[in-house]
Every structure is written in structure tokens, then in C-alpha cells.
Protein chains: 2
Amino acid sequence: MPESSVAEAAAPARPPVRLGDIAYEKLKESLIRGTYRPGHKLTVRAAADALGVSSTPARDAINRLVLEGALVYTGPKTVIVPHLDSQILEEITLIRLALEGLAAERAGSEGTQTIVAELEAIQALIDAALDEARYADALWHNKEFHFFIYRLAGLPHLLGMIEPLWLRIGASFNDLYPEFALAKYGVHNHRAAIEAIGERDGSSLRAAIESDIRDGFRQLKRAKTADHQP
Amino acid sequence: MPESSVAEAAAPARPPVRLGDIAYEKLKESLIRGTYRPGHKLTVRAAADALGVSSTPARDAINRLVLEGALVYTGPKTVIVPHLDSQILEEITLIRLALEGLAAERAGSEGTQTIVAELEAIQALIDAALDEARYADALWHNKEFHFFIYRLAGLPHLLGMIEPLWLRIGASFNDLYPEFALAKYGVHNHRAAIEAIGERDGSSLRAAIESDIRDGFRQLKRAKTADHQP
DNA sequence: CTGTGATTTTTGTTGCAACATAATGAAGCG
DNA sequence: CGCTTCATTATGTTGCAACAAAAATCACAG
């Protein structure tokens, strides 16, 4: 996945590979994949053991995740995977609309033929994953689809602010109903997005992305309210 | 200041007071106050000595600041106070317009008489500080003015995303020309903002805030280009 | 069976030493 | 005189043990 160019644009000098970074990435992955259910308690020592590192990098990783909101304190010595609070979900969605809308609008004017082709390739992966009921993969490619567009905006700091938002909803997202989260609403908006990019129409692209975000929000909210104690 | 309700809505449980937090706050303060000029190199051990703590909390604080973009890596073992890169400034401004615009719009409908009075009190502090050439204070109260409004939106996570943006530009901001940064443009936009809040007009409030941000951006950019080697 | 208090266990934080590695400066070469 | 190479210094990261504090557990009274 050649996303290094963007990363370099964001940070001209690359930080060294720290063990704590690896721990962070692994934990993040686990969170996105839904390995830990909401409410699960995280401990430094357990994470350290699980990741095969000492407590220092594990602590770094957990603290970073807490800072990003992917984990929350419930007590001075307790961090858990947060529950999907509907109020927070609404706020995140609001922020996503503002930030990802901005990124989409900016990305709109960067459309080329190759970019359209790449997006269609990703969309094909989503469709295939959906057809074959590999919902986790579909979710993953969905994320790729969005971030591929956002990267076009050429605003690396903006990108760096959007990513934690996905992590935040992703943790609870994957836990609840991954099997139908993406199936119904994604396709149409993505088609519209690809079309808008082909026409280099930033406004339409923004509209498509915002529509996608809103539809996802409704889906999530419905799943959430339907889930009052599993 | 009864803002605890908002803080609790954001984080129901308070993390314990860690030494690293204190170190972070102190460093942040130094950064905002312009104690370290852009380009200054930060080291863990030096910070630890300066703050009277061991290396672990100092490292935590520096890493956190790096994560927020208030410090940057220039090499695997070198973190410095970032220079005010005009490209980054533009991107930050773009993000600020989106995020602070959203907060302002939301805050608009929350206007009351007491709120107008409070804002006018803060504005009076700004004016007084300006008159008496206490520019650092003026800058500080300016920040209070903005965040008082943003808090009204009742979106604590949004607030948490806006703050690091101020820290980021603040570091270089205070370093360059603090003496005339605020004097010329702030008053008019703030007046408009207060008026909009009084009328509970979210759109106008957003416009006033956006105008303020844009004016500040121009001011900053001019100072930056005028400053090619001090 | 429930609520309460003490006891035990668990846990985060901190300080510190060891290690690997990058920055720095000096010397040598073109 | 400028550039490269190498040795020295300085620095970030890591692992770990000690400590204080919170959470979990359990016993016991009502």
C-alpha cells in the first residue's frame, strides 16, 4: 500500500520505528477489527504481554489511544473500550461532515482518469467482499475508498485529524452488526462519488461523501437503538 | 467557572493527576508563551531537568506535544519547535474555518443575555489589555473569547480538536510580532460576533468567527513574509 | 439475601540504568 | 576550499523494579 508519499508530505522527517508505535498499531488494529468488545478493560501489563513488549511501550500505546479517544478512562486506573454513546456518535458525525466534507471538496478538482480507475478498482473489491459475505474486508476497503479520496486533497494534517475519528467509531462499529452495516447504503453514494471525481466536481463529490456519512450514521444509530442489551 | 458539566459530558471520569500531565501543561505553557523560539531543539533530559521530573514523564509530555503537532520531528532523534510554514498555516486555517465555523454555528442558538454580558466582559479585558500594551494578555483573552463561544456549542470533542490547532499556531504566533498581532483586526469581528449571539443568529456568528480567523490568517501571513531573517 | 467494610490483589506511574543509534565535530581527501 | 569519512558525544527508547493507590474480593453483620 503506497501511502508513504502522503505520510512524508505530512512529516518531512520520519520518526524512528519505535516499539511503542508497533504496539499502538497492533492495538489499533485489534480495536478496529473488534477484537475487544466495548466495555473491555485494558491493562498495561496485559497489553505488554499480549504484544510481547515491556510495559513502557504498551503504556505509550494505550495513552496514545486514550488521547485519540479510542479508549476512555472510567476510573483513575481503568481504561476501557468505549461504548457507542449515541450523543457522542452524533458529535463525531458532525465533525466528520465538516472535515471529510472539506477533504472531499478539495479532492474533487484533483480527479484524473487513473484516479477514477483506481477508485473503481477499490469499489470492485468492496462489491466482491459484500457478495462473498466477507464483511470485515468490505469495511476495510470502504475505509480505503474514503481515504484514497481524502488523500487527493493534499492536506496531510487534515488527514491526520480524520483518521482518529474512524478509529473511534470503528471500534464499536465492527462490534455491532458488521454483517449488514455496509451492504445496503454504500454503493449508491460511492458511485456518485466516482462520477463526481471523474467530472472534477468538488461540490458533487462533497455531497456524495456527506450523503455516505449521513447514511452510515443512520445505519449505525438504528443498529444502536435496536441493541439495548444483547 | 462552572464548566465542569461540559467537561464531565466529555469525560465522565477524570484521569488521575499524572506527573506527565503537569510536565505537558508546563511545556505547553512555555510554547504558547514563546519561551522557545521556532527551531529550538527539545531533549528529554533537558526537559526533565528543567521540570524537575525524571525522563519518563518528560518523554510523555514531549511525545504528546509531537502528536498534537506542537512539536515536530526533524530527525529520528531531534524534535524542534516548528517553524511557521506558510503551507501548513494555510491548511490549519482551512481546518479551523471548518471546525470553529461549525462550533460557532452551533453556539449561535445558545445565546442568552448573561452570555452576551460575559462576552462583553471578556472583550473589555481585550480592549484594556490592548490599550495598555499588554499584548500577551490580549492574546490570552482573545483565546478565552473564542473558546467561550465554542463551549456553548456543547460539543466537547469538537472543542478537544480545536484546542491543539491554537497551540500549533500559537507557538510561532507569539514569537513573531506579538505587539501588533491583535491590535488592528480583532475588535470589529468580535463586536459582530457578540451581536450575532445576542440575536441567536448562528449563521451570522459563524460568519463573524470565520472572518476573524481569516483576518488573523492574513495578519500572520503578512508578518511571516515580512520576516525572512530576523 | 443484601449492604458494608476491611483485606488482598491488581495496576499505573515513576525513576533509572543499559543499549542502540543518530547527531555532532574533527580530520583527511579531492 | 568544500566534501566525505570516521570517531566521539549525546539522546531516545526500552525494560524493569519499587511504590502508591485504586479495584476487586471476601467476610460478616443486618
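Letters A, B, ... mirror the listed sequences (proteins, then strands); counts begin at 1. Any value given below was found using the heavy atoms of this structure, including those in side chains, with hydrogens, waters and symmetry copies removed.
- Contact check, R18(B) against dT14(C): no side-chain N or O comes under 4.0 Å of OP1 or OP2.
- Across all strands, I62(A) comes closer than 4.0 Å to no nucleic acid atom at all (heavy-atom distances).
- Distance L19(B) CG to dC16(C) P: 12 Å, rounded to the nearest Å.
- When rounded to the nearest whole Å, the span between OH of Y73(A) and C1' of dA21(D) equals 14 Å.
- Residues passing the side-chain hydrogen bond (donor to acceptor under 3.5 Å, both in side chains) test with R64(A), sequence neighbours excluded: none.
- Distance NZ (K77(B)) to P (dA22(C)): 7 Å, rounded to an integer number of Å.
- Taking E118(A) as the reference, nothing meets the side-chain hydrogen bond (donor to acceptor under 3.5 Å, both in side chains) condition, with sequence neighbours excluded.
- Using a 4.0 Å cut-off on heavy atoms, the residues of residues 44-58 of chain A that approach DNA chain C are V44(A), R45(A), listed by number.
- Residues forming a salt bridge (charged side-chain N to carboxylate O under 4.0 Å, His left out) with E91(B) (at least two apart in sequence, or on another chain): none.
- Between its opening and closing five pairs, the helix from dC1(C)-dG30(D) to dG30(C)-dC1(D) changes axis direction by 30°, a value rounded to 10 degrees.
- For E110(A), there are no salt bridge (charged side-chain N to carboxylate O under 4.0 Å, His left out) partners at least two apart in sequence or on another chain.
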Donor-acceptor list for residues 81-88 of chain B side chains, cut-off 3.5 Å, not counting sequence neighbours:
| unit_1 | atom_1 | unit_2 | atom_2 | d |
| --- | --- | --- | --- | --- |
| D85(B) | OD1 | Q87(B) | N | 2.6 |
| D85(B) | OD1 | I88(B) | N | 3.2 |

Report, one line per pair, each donor and acceptor closer than 3.5 Å where one atom sits in a side chain of residues 92-99 of chain B; sequence neighbours left out.
| unit_1 | atom_1 | unit_2 | atom_2 | d |
| --- | --- | --- | --- | --- |
| T93(B) | OG1 | L89(B) | O | 2.8 |
| R96(B) | NE | E100(B) | OE2 | 2.7 |
| R96(B) | NH2 | E100(B) | OE1 | 3.3 |

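- Among dT14(C), dG15(D), dA22(C), the nucleotide with an atom closest to any side-chain atom of R59(A) is dT14(C).
- Spacing between atom CD1 of I80(B) and atom P of dT24(C) amounts to 11 Å, rounded to whole angstrom units.
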For a quick test of your reading: what N or O donor-acceptor pairs under 3.5 Å do the side chains of residues 39-53 of chain A make, sequence neighbours left out?
| unit_1 | atom_1 | unit_2 | atom_2 | d |
| --- | --- | --- | --- | --- |
| T43(A) | OG1 | A46(A) | N | 3.1 |

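- Ring planes of H190(A) and F145(A): parallel class, angle under 30° (limits at 30 and 60°).
- A salt bridge links E25(A) with K28(A): the closest approach of a Lys/Arg side-chain nitrogen to an acidic carboxylate oxygen falls below 4.0 angstrom.
- Between R64(A) atom CZ and dG12(C) atom P the separation is 19 Å, expressed in whole Å.
- Comparing D60(B) and K41(B) against DNA chain C, the residue whose closest nucleotide sits nearer the 5' end is D60(B).
- At whole-Å resolution of the value, CG in N63(B) and P in dT14(C) are 14 Å apart.
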